Structure formats: structure tokens, C-alpha cells
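To start, the structure under review is shown below, and the notes come after it.
In this text the structure is predicted, and so the values were computed from the model without any measurement. The figures that follow rest on heavy atoms only: side chains count, while hydrogens, waters and symmetry mates do not.
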Amino acid sequence: MTTEILYFAWVREKIGTGAETLDLPAGLATVADLVAWLAGRSPGHAEAFADPTRLRAALDQNFVALDAPLGRPREVAIFPPVTGG
Amino acid sequence: MTTEILYFAWVREKIGTGAETLDLPAGLATVADLVAWLAGRSPGHAEAFADPTRLRAALDQNFVALDAPLGRPREVAIFPPVTGG
Amino acid sequence: MIAVMVDPTPIDIGAEYAAIAVDGAGGIATFAGLVRADDGVTALTLEHYPGATEAALVALAEAAAARWALSAARITHRVGRMVPGDTVVFVATAARHRAAALEACAFLIDRLKTDAPFWKKETLAGAERWVEPRDSDDAAAARWRP
Amino acid sequence: MIAVMVDPTPIDIGAEYAAIAVDGAGGIATFAGLVRADDGVTALTLEHYPGATEAALVALAEAAAARWALSAARITHRVGRMVPGDTVVFVATAARHRAAALEACAFLIDRLKTDAPFWKKETLAGAERWVEPRDSDDAAAARWRP
């Protein structure tokens, strides 16, 4: 099963793409584990994910803390804190 | 010296006019004294001024309590509590 | 920039909005009060005290501009006969930051209800009645006392 | 009646206003957030999370309608590139009574700043920078917690 990973704002810019479809390895217990794994994919990923305190995430469009269980989402989004309105 | 007396809302309707120019007698110390004197001018005035607690006033467009000193205003307005907006 | 108007012509929301959107404003708050058809009301007639009413609105707008950092404040109040759905009053505030615009707008409409000489008469079932002042308006105005 | 829209086209205030003025509303409160030219900002670019952003706005509007007695709530948020003076967001609430409309409008704009996925990038002196979240926005949103 593949997972759609979405990036927004400067996370997207540093990685160089807004979306990638990936086969996630077994053993990723939390969102933070996924972020750590993604950081190894490229220097851009590494830079985007260097400081996890600056990241927020959503699993299937539900906002979660980075220490939330990852489960088996179809869509994961990783992004900075929001600054809208 | 004459004084312009203005009436608004149901005070105006009961009296039958929105303005009258009057020579005020000596001895009216407060706005309430003026109201009591005006009440004697006609049955309409008497009805309009029957319950002074329902009246508000302005002297030269400054809102005052009925027990305020009358002084020698050029314009006195007598009206119900406001209900705008 | 303070502007007040009391006029029998219908309030043009588009024109009001264009007038408040001054350079530099980061936030614009507005409030419109409309005639409701409560209890079968078919018309509302507003009376004011020419001169004194406009002065009271200017004083309110100046108080708001002094208390909050406003770049503009407008109060436009209709008088005369209106029907349900018509806009009776339109208050607009502009400020660099949203909290100032929002609070000043609420202040102006609350205080306007108690501090400006307007009187409302309702027409219903062919009869007319003057609206009585409401305690809730006094309470709303009182919460802005310093 | 809840309506939310996230769109790159300029916000048409007149159309927004016409849409919120529903039968029976006694008060309409609105707030517009505009692009400011602070620090020489020449453009602002808004990004959102399609689907999730709209859902977050609907959830906010439903929360407001449940907490206050609203007859309608609208949130229209622009995305893409804007210049100073452009309207970024327009929030409008309609209710029978003014306090409900005013409070719900303030609630929506405060919570929208922290609860809806939008990201702002400023262009100034030819360079671009992502806007950092502000503590004051968190504080403004927190005051609505029950």
C-alpha cells in the first residue's frame, strides 16, 4: 500500500516538490518516525526536517501532534505552523 | 429673549408640533420646572409631560438630567429615552 | 478619518465599504443593523435631532479613534421610513490590526444605541407604536465604560 | 446557512455582502483582512491545503453557528499572489441580534488564524520570506476556548 505525502510552504520549497507517493517501510510507529525516515531521502528533505519543533502534520487531513501514532493513513501532510487569515 | 423648544418622537406627537418659540417666565430654576410650566400650555402638553420619568432633555444640544439648572439656553429639547441604532 | 452621516436615503453598502478601505488598513470591521419583520412589523420610522445627532455620532467616533488606534471610522444612520430588510445603520472601522477594528466597531454600535438621539416607531397591523428603550442596550453600552 | 470558499480570484465584497444579508437577520458583522505594505512588502502569496483547509473553515463556521444563534456565516479566503490593499479574507456573520453577530465574527477571524491551514509568504525588496506564526494570534484564538 502506498501513501501520499504532501508538503506545504517552506517544507515544500526545501524538498522541491509538493507531493510524493511512497511505500512506507514497516516499523514507523509515530509521525516523528516517518519524518526521520523521510529526512534521509535527500539533502532537501534533511534540511526541511532538520528541526521537528518547527513542523506540524496531518493524517488523512486530521491535524495531529508529531508523537501521534502513524497508523496506516492514505495521506500524510507535513508543513510549518499555519499563518493564515 | 425667546427660547426655541423642540419636541421629538411621541412627545412631539402628543403636543402636535415639533417646535415652538416661547418667552419663558422668570423663576424656572431647573429643566423640570420648565417642563411643569409647559404642561400647562395645552391638554397635549399635559399628556406629553404627565410622567417626567419618561422624559429626557437637552440644553443647547447638551444632554442633561431633568433636575439640571435651566440657565438661559437658546434651545431646549424634550424627548423620550433614545431607541436608535 | 472620521465620517458620520444621517440621511433618509438608502445606505449604499458598496460605497460605504469603498470609503472605509483606506490605505494602510490591515483590518476592516463593519456592523449593519437591519429592520426585522418581528411581530408583523411592516415598517420602521426613525426620527432624529438634527445637529445634535450628528454631533453625538462624531463624539462617539472620536472616542473610538482615541481609545483604539483607528485609521478610519464611519457611522452612517438612515432616518425616515424603512421596511424589513432595509439597513438602518452601518458602522465601519479600519485599523492596522484586527483587534482594534473589531472592538471599536462593537463599541460604536453599542454606544450608539444609548448615546445618540434617534427614536424608532414601528408600524404593525396598520397601527404605529414607539419602541421602548431596552435594558439590554444599556447593559451593552455600559460594558465599554473605562 | 454556512458557506466557505477558498479561491485565487479577488474577493467581491459586494457579492459577499449580498449573500450574507439573509431574510430575518437583524445584524450583520463583517471583518476583512487586507494586505499591508509593512516593511516594504510588495506582494503576499497565500498557500493552502486543498480539501483540508475548506473542511477546517466549515468546522469553524459550524462551531460558531452552534455557539451563537447565527442565521448565516460565510468565510471567503483568497489564495495565490496578492498586493497591498487586496482583501485576503472576508468573514461575515448574520444573526437576529447584534451581540451574536459581532462575537461570532471576532471568533471566526481569531480562530481562523490558528486553526486553518494557510501559509503566507511576503515579497519585499525582491526577496521572499515565509511569515512566522505570531504568539498574539495564539492568544487571540485561546480566549474563545470554553
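For a residue to count as touching a neighbouring chain, one of its non-hydrogen atoms must lie under 4.5 Å from one of that chain's; by this rule C:Ala37 does not touch chain D. In this structure, chain C has a heavy atom under 4.5 Å from the side chain of D:Leu102, while its backbone stays farther away. D:Ala29 touches chain C through backbone and side chain together, each having a heavy atom under 4.5 Å away. The part of D:Ile13 that comes within reach of chain C is its side chain, from C-beta onward, which places non-hydrogen atoms under 4.5 angstrom from that chain.
For the residue pair C:Phe31 and D:Gly27, the shortest heavy atom distance occurs at CZ-CA, 3.6 Å.
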All donor-acceptor atom pairs under 3.5 Å, backbone and side chain, chain C-chain D:
residue, atom, partner, partner atom, Å
C:Gly26, O, D:Leu34, N, 2.8
C:Ile28, N, D:Ala32, O, 2.9
C:Ile28, O, D:Ala32, N, 2.8
C:Thr30, N, D:Thr30, O, 2.9
C:Thr30, O, D:Thr30, N, 3.0
C:Thr30, OG1, D:Thr30, OG1, 2.5
C:Ala32, N, D:Ile28, O, 2.8
C:Ala32, O, D:Ile28, N, 2.9
C:Leu34, N, D:Gly26, O, 2.8
C:Arg36, NH1, D:Arg96, O, 2.6
C:Asp38, OD1, D:Arg96, NH1, 3.3
C:Asp38, OD2, D:Arg96, NH2, 3.1
C:Arg96, O, D:Arg36, NH1, 2.6
C:Arg96, NH1, D:Asp38, OD1, 3.3
C:Arg96, NH2, D:Asp38, OD1, 3.4
C:Arg96, NH2, D:Asp38, OD2, 3.1
C:Arg98, NE, D:Asp110, OD1, 2.9
C:Arg98, NH1, D:Asp137, OD1, 3.1
C:Arg98, NH2, D:Asp110, OD1, 3.2
C:Arg98, NH2, D:Asp137, OD1, 3.3
C:Asp110, OD1, D:Arg98, NE, 2.9
C:Asp110, OD1, D:Arg98, NH2, 3.2
C:Asp137, OD1, D:Arg98, NH1, 3.1
C:Asp137, OD1, D:Arg98, NH2, 3.3

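When each of C:Val88, C:Val91, C:Ile28, C:Ile109 is scored by its heavy-atom pairs under 4.5 Å with chain D, the top score falls to C:Ile28.
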